[in-house]
There are 2 protein chains.
Amino acid sequence: MNNITLKQLAHQLGLSVSTVSRALTDSYEINIETKKRVQKLAKELNYQPNPFASFLRKHKSKTIALIIPEISNNFFSLVIKGVESICQEKDYYVLIYESHENFAKEVRITNHLIGGRVDGVLISVSAETQQTDHLKTLIERKINLVMFDRVIEDMNVVKVASNDFESSLEATEHLIKRGCKKILFLKAGENLSTMQNRLKGYQAALKKYNIDFNDSLVRTFNPSEELNLNELEDIIQNIKPDAIFCTVENLAIACYDVCQKVNIKIPDEIKIITFSNLKVARHLNPSLSTISQPAFEIGQTIANLLIDQIEEKETEQMKDITISSTLIKRDSTK
Amino acid sequence: MNNITLKQLAHQLGLSVSTVSRALTDSYEINIETKKRVQKLAKELNYQPNPFASFLRKHKSKTIALIIPEISNNFFSLVIKGVESICQEKDYYVLIYESHENFAKEVRITNHLIGGRVDGVLISVSAETQQTDHLKTLIERKINLVMFDRVIEDMNVVKVASNDFESSLEATEHLIKRGCKKILFLKAGENLSTMQNRLKGYQAALKKYNIDFNDSLVRTFNPSEELNLNELEDIIQNIKPDAIFCTVENLAIACYDVCQKVNIKIPDEIKIITFSNLKVARHLNPSLSTISQPAFEIGQTIANLLIDQIEEKETEQMKDITISSTLIKRDSTK
DNA sequence: GTGAAAGCGCTAACAA
DNA sequence: TTGTTAGCGCTTTCAC
């Protein structure tokens, strides 16, 4: 890197480094004429300050980390987009990390970050995450933390989640109203808060309609492993449910695969509904009923909250924020 | 940030800062015993070096930028995944920037980067980009550059692209063999290299089968704007093509929307094929024929190339690398 | 094998 | 209004 430095500018202008620095940060205590001279030359030479020098000095990196389980996922990629939009506006950098649903990787990432690499962290934990020591370490090191979507209750930080209980209840109710009684519930991961809440919503709906809850209708797939289609096929063939409630998009797509393979007609023989942000859900065969989380808004919200924390504009932030999802009924539950 | 510093470690151990530093970088000139002592304490206190201090010192940030037009796009999000996988392995940071298909934004981003923020840049240019001054500035400042997918011919850098000409020819040929003669070609953006090559492939296929090329069958949509469905509907209604070749996924989905709305049957009345990395293409109604780029591999390739450049392992890199796409024939072209 | 000291480029307290 | 100086935390040359 052959960059122009403050020193070089100062030399060319016959000024001191500090004057140049102040002129460029538009300090009010600098003569307007010198300010102009400095800014003119800086522009001419396309001066760009070395960010590391100033980060080192100020202990602020204007960088945040976004830790997500998976990038190529419609929900999370929209979250990224939302986060980006705010950070670009507020002049923050975003480092994106994938935990690949792996706890060890998540710990490695957060450990990496405590060196002061970032001013704050946005995280949606991996499916394996149960302990929170690594997150607490971040806080001890005074790194701001905001959790989203997959949050952990006992963490005393700002948490942004969806109204999973309510939307799950609504979706299950929708299935029940369409005549379904034997609804297979497919979970992704054992311990995630989102999954727990979605399951509770499902159970509440059953209760409301006096349908007994049946343990064996709840099945879990481990999102850190390749999805096993044969296993899913066995489950569907054995249980013969009249509907499947999928907690994540991948599971719904897998169900479509299985139904196509073993020739089960959706929605006549089986109805399918899923949490998903798939844009083409309306064009699937049959079009897929979804519960859509407002991913972009979630991204914007968490970025704003985190930056406010970093800049200590703490206007008494609420600790638990809920953003509502939308149920879209399509042909797969007709 | 209350971080443990080298100085604190040195103090606790009764050693000098430089010895500690050397012990931690595993320098051979340090007594094995002291090395162990130092490393033990560092681990106990969970010491993490301040990256900015070392970046400043070494003029290497171990950070690269990935500039793409759009994040929530199946192709680019898979590229990100590929880049991430290599960078995680080689211990590099990735900063992701979206140009939103906007030239001015792209220039702002690259300008931001010449401060030494990153050691290298991976870029797929915006649809508006025609000039290359901003990219040349990067090179002047000794920042390594690798272009991918949407490359610019006259740049003397490593470029990784798909075999757009060949796959486009193949796809068009496929349509022709299925009896199509009036194939609407939908471009995204006026000047992109990828679009030009795809168009040439289309034209070559027509020529091969002695079909006259008709200018008015080539239409362009501006990807930086919201796609105008009414305009697309008018085009389809007026031209009445027997097939549509879409250069990007969004256009294909829009075509599905229009066909559904005005009740044109795919594939009986019109066939549709598109470049796309949509995972659920096989479940669309009808299932969508696609040309799939190996996005993950492209991501891995460009990350490896860039890091090799940065670390000056320049084993005479080829300047132009082509990675083949795959044509998958499905019902939309039956 | 270890320590002292300089310096990466910047900011900010203090001086003038 | 401008300049001098110290120092952020680290690496590295030179000295011992």
Side-chain angles (χ1 to χ4, degrees), chain A residues 1-39 41-42 45-63 112-119 141-142, chain B residues 1-39 41-42 45-63 112-119 141-142:
Chain A
M1 257 61 58
N2 303 337
N3 276 321
I4 291 124
T5 66
L6 277 189
K7 208 169 153 187
Q8 291 169 36
L9 282 182
H11 184 75
Q12 282 199 40
L13 291 159
L15 288 168
S16 78
V17 173
S18 56
T19 306
V20 177
S21 168
R22 276 181 287 226
L24 291 172
T25 52
D26 208 28
S27 162
Y28 58 92
E29 47 182 352
I30 295 289
N31 182 308
I32 191 130
E33 287 307 320
T34 34
K35 215 186 262 184
K36 275 186 190 156
R37 268 179 65 218
V38 173
Q39 288 173 351
L41 186 68
L45 300 181
N46 198 359
Y47 165 76
Q48 290 292 334
N50 181 320
F52 303 124
S54 93
F55 297 167
L56 180 58
R57 191 49 234 244
K58 297 200 288 189
H59 287 277
K60 285 280 173 208
S61 62
K62 293 215 103 182
T63 305
H112 216 208
L113 293 174
I114 60 179
R117 189 72 180 79
V118 295
D119 301 336
R141 302 277 177 122
K142 304 267 182 282
Chain B
M1 255 60 57
N2 307 337
N3 276 321
I4 292 122
T5 65
L6 277 189
K7 207 169 154 187
Q8 291 170 36
L9 283 181
H11 184 76
Q12 281 200 42
L13 291 159
L15 287 169
S16 78
V17 174
S18 52
T19 307
V20 176
S21 168
R22 276 181 286 229
L24 291 173
T25 52
D26 208 28
S27 162
Y28 58 91
E29 50 183 350
I30 295 288
N31 182 307
I32 193 130
E33 287 307 319
T34 34
K35 219 185 258 185
K36 275 187 189 155
R37 269 179 66 218
V38 173
Q39 287 173 352
L41 186 68
L45 301 182
N46 198 1
Y47 166 75
Q48 291 292 334
N50 182 319
F52 302 124
S54 90
F55 297 167
L56 180 58
R57 191 49 232 244
K58 298 199 289 190
H59 288 277
K60 285 276 174 211
S61 62
K62 294 214 107 186
T63 306
H112 217 210
L113 293 174
I114 60 178
R117 188 73 180 78
V118 295
D119 302 336
R141 301 279 177 121
K142 306 264 183 282

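Hydrogens, waters and symmetry mates are skipped; everything else that's a heavy atom, side chains included, is used. Fair warning: this is a prediction, and the values are worked out from it, not measured in the lab. In the text below, chain A, chain B and the rest are named by the order of the sequence lines, each starting its count at 1.
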What's the [atom1]-[atom2] distance between [X] and [N], to the nearest Å?
X: A:His11; N: D:dG3; atom1: NE2; atom2: P; result: 14 Å
X: B:Leu24; N: C:dT2; atom1: CG; atom2: P; result: 13 Å
X: A:Leu15; N: D:dT4; atom1: CG; atom2: P; result: 11 Å
X: A:Arg141; N: D:dG9; atom1: CZ; atom2: C1'; result: 15 Å
X: A:Gln8; N: C:dC8; atom1: CD; atom2: P; result: 11 Å
X: B:Leu13; N: C:dG3; atom1: CG; atom2: C1'; result: 15 Å

Taking atom types as modelled, find out whether A:Thr34 and A:Arg22 have a side-chain donor-acceptor pair closer than 3.5 angstrom. no
Closest listed nucleotide, where the reference is the side chain of B:His59 and the choices are D:dG9, D:dT1, C:dG9: C:dG9
Parallel, tilted or perpendicular for B:Phe55 and A:Phe52, by the 30°/60° rule? perpendicular
B/S/- along nucleotides 10-16 of chain C (protein heavy atoms under 4.0 Å) is BBBBB--
Can you check whether A:Ile4 reaches A:Asn46 side chain to side chain, under 4.5 Å on heavy atoms? no
With a 4.0 Å limit, can you tell me whether A:Thr19 has a side-chain N or O closer than that to the phosphate oxygens OP1/OP2 of D:dT2? no
For the helix from C:dG1-D:dC16 to C:dA16-D:dT1, what is the angle between the axes at its two ends, each from 5 pairs, rounded to 10°? 40°
I want to confirm an ordering. Mapping B:Leu56 and B:Val20 to their closest nucleotides on DNA chain C, which one lands closer to the 5' end? B:Val20
